[in-house]
Amino acid sequence: MSSTEGRRAARVVVVGAGFAGVACAKHLGDAGVSVTLIDKNTYHQFQPLLYQVATAQLAPGDVMRPLRGLFRKHETVNVKLGQVVAIDPVTRTVTTDDGESYTGDHLVVSVGTEPNFFGVPGAAEHAFPLYSALDAENLRNRVLRLFEDADLEPGRLDQGALNFVIVGGGATGVETAGALADLIHEVMPERYHDLDISCATITLVDHGDVVLAPFSDRAHAYAAKALEKKGVVLKLGASVTAVRADRAEFADGTYILSRCVVWAGGLKAREISGLEALPNVRGRIIVGPDLDVAGHPGLYAVGDGAAANDPDGKPFPQLGSVALQAGGAVARSIVAAID
């Protein structure tokens, strides 16, 4: 059997169409490998720009690319719509919520992450996460609706209608706070002539003592100064203890009236039945240097749901060039195994 025939005979299932999953499927498709790519959405989303969608700087379609369009020239790549609810790492079989099953000679798990509300009462029900295109649309609609409501009934200003609270001082929280400040101070005054825009407030909350904690001291200072210049209030060293429909409550007993609490407070590995049996650290699948899972031939994990095999469980970021490189590395390992 020629290598070309062998590649077409081999079956690879890729779960998740994030950066790493798409990159892996593209590399495999270029090599003529038969791939089934499964995702709950019909599109690939460019997560780094979600905050711009949420603040009406970009349209949702600007950060969403149809998956079938991405693979229109890859005849061996088949895209399937489905929410994966179970994975059998032994047989390399995945099952979707509609009962469909897909089995591969090789299985790449790139399921990413989901918001981590850390058990904060009311956060899941009332806060607005910002980790998907749908999240960004929901947040944008909420922000715009609050301005409309305040314009129709100015008394809502005293109820916190234009008080925005952002939980989390990481990249997502900082970017969203800055973009929201631009929207409020540069755009809205020209659109709402009868509304007292000066009543609007933006508060960025984080339990640490700096913003952008993973970055350099210089970045901490620069980001803080830039946000404060835009009018963002930094509430550092503070913990959110509850999110209500009309307020955010803090550990020191204080609260801020708000109808829009943005949750950028953290992520956790996506929970799918079957993955809990794999070696993991804080829910992330532990992988080796080749991004393979020890003891499970043909099984790989990439993206935020994977972690290096070290005591700290350092995650492999799903965003940006690292994820693209990881997806390509897995594809090359699979092609080498097939050949």
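Values reported hereafter were calculated over all heavy atoms of this structure, with side chains retained and with hydrogens, waters and symmetry mates removed.
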Assess the pair Trp263 and Phe128: is the distance between their ring centroids shorter than 6.0 Å?
->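 They do not qualify: ring centres at least 6.0 Å apart.
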Taking the six-membered ring where the residue is Trp, are the ring centres of Tyr192 and Phe147 under 6.0 Å apart?
->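 Close enough - the centres of the two rings lie under 6.0 Å apart.
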When you measure from the side chain of Asn280 to the backbone N and O of Leu278, does any donor-acceptor pair fall under 3.5 Å?
->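 Side chain of Asn280 to backbone of Leu278, a donor-acceptor pair under 3.5 Å: yes, one is there.
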Flag, side chain of Arg92 to backbone of Val13, donor-acceptor distance under 3.5 Å =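 No, the answer is negative, given that no donor and acceptor are paired below the 3.5 Å cut-off.
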Could Arg145 and Asp149 be called an ion pair, given the rule that one side-chain N must be under 4.0 Å from one carboxylate O?
->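 Here Arg145 pairs with Asp149 in a salt bridge, since their nearest N and O are under 4.0 Å apart.
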Using a 6.0 Å cut-off, check whether atom [atom1] of [X] has over 12 heavy atoms from anything other than its own residue.
X      : atom1 : answer
Asp209 : CG    : no
Tyr255 : OH    : no
Phe118 : CZ    : yes
Glu190 : CD    : no
His74  : NE2   : yes

Got a sec, which pairs hit salt bridge (charged side-chain N to carboxylate O under 4.0 Å, His left out) with one end in residues 69-82, sequence neighbours left out?
->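 Non-adjacent pairs meeting salt bridge (charged side-chain N to carboxylate O under 4.0 Å, His left out): zero.
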Give the cluster check for Leu134 versus Leu144: same hydrophobic cluster or not, with ILVMFWY residues linked at side-chain heavy-atom distances below 4.5 Å.
->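 Shared cluster, no.
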Closest heavy-atom contact between Asp135 and Pro129?
->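 Taking every non-hydrogen atom into account, CB-O, 3.2 Å.
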So which heavy atom on Val261 is nearest to which on Ala248, and how close?
->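 Looks like CG2-CB, 4.1 Å.
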Thr241: partners by side chain to side chain contact (heavy atoms under 4.5 Å, CB included), with sequence neighbours left out =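 Glu249, Ala251.
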May I ask you to establish whether Arg65 and Tyr43 are in a cation-pi arrangement, using a distance under 6.0 Å from NZ or CZ to the six-membered ring centre and at most 45° from the ring axis?
->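 Output no; distance or angle outside limits.
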Is there a salt bridge (Lys or Arg N to Asp or Glu O under 4.0 Å) between Asp182 and Lys230 once you walk through the steps?
-> CA-CA 7 Å; Asp182 291 339; Lys230 290 175 179 287; 2.7 Å; yes
Residues Val84, Thr95; criterion side-chain contact (heavy atoms from CB on, under 4.5 Å); working and verdict = CA-CA 6 Å; Val84 172; Thr95 303; over 6 Å; no
How many angstroms lie between CG in Leu227 and CG in Leu234, if you round to the nearest 0.5 Å?
->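 Leu227 atom CG to Leu234 atom CG measures 6.0 Å (nearest 0.5 Å).
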Carefully, step by step, assess Leu50 and Val63 under the rule side-chain contact (heavy atoms from CB on, under 4.5 Å).
-> CA-CA 7 Å; Leu50 291 180; Val63 299; 4.2 Å; yes
Kindly indicate, with the supporting measurements, whether the criterion side-chain contact (heavy atoms from CB on, under 4.5 Å) is fulfilled by Met188 and Leu183.
-> CA-CA 6 Å; Met188 292 311 192; Leu183 174 68; 4.0 Å; yes
Go through the side-chain N and O atoms of Asn163 and Thr201 and say whether any donor and acceptor fall under 3.5 Å apart.
->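 A donor-acceptor contact under 3.5 Å links the two side chains.
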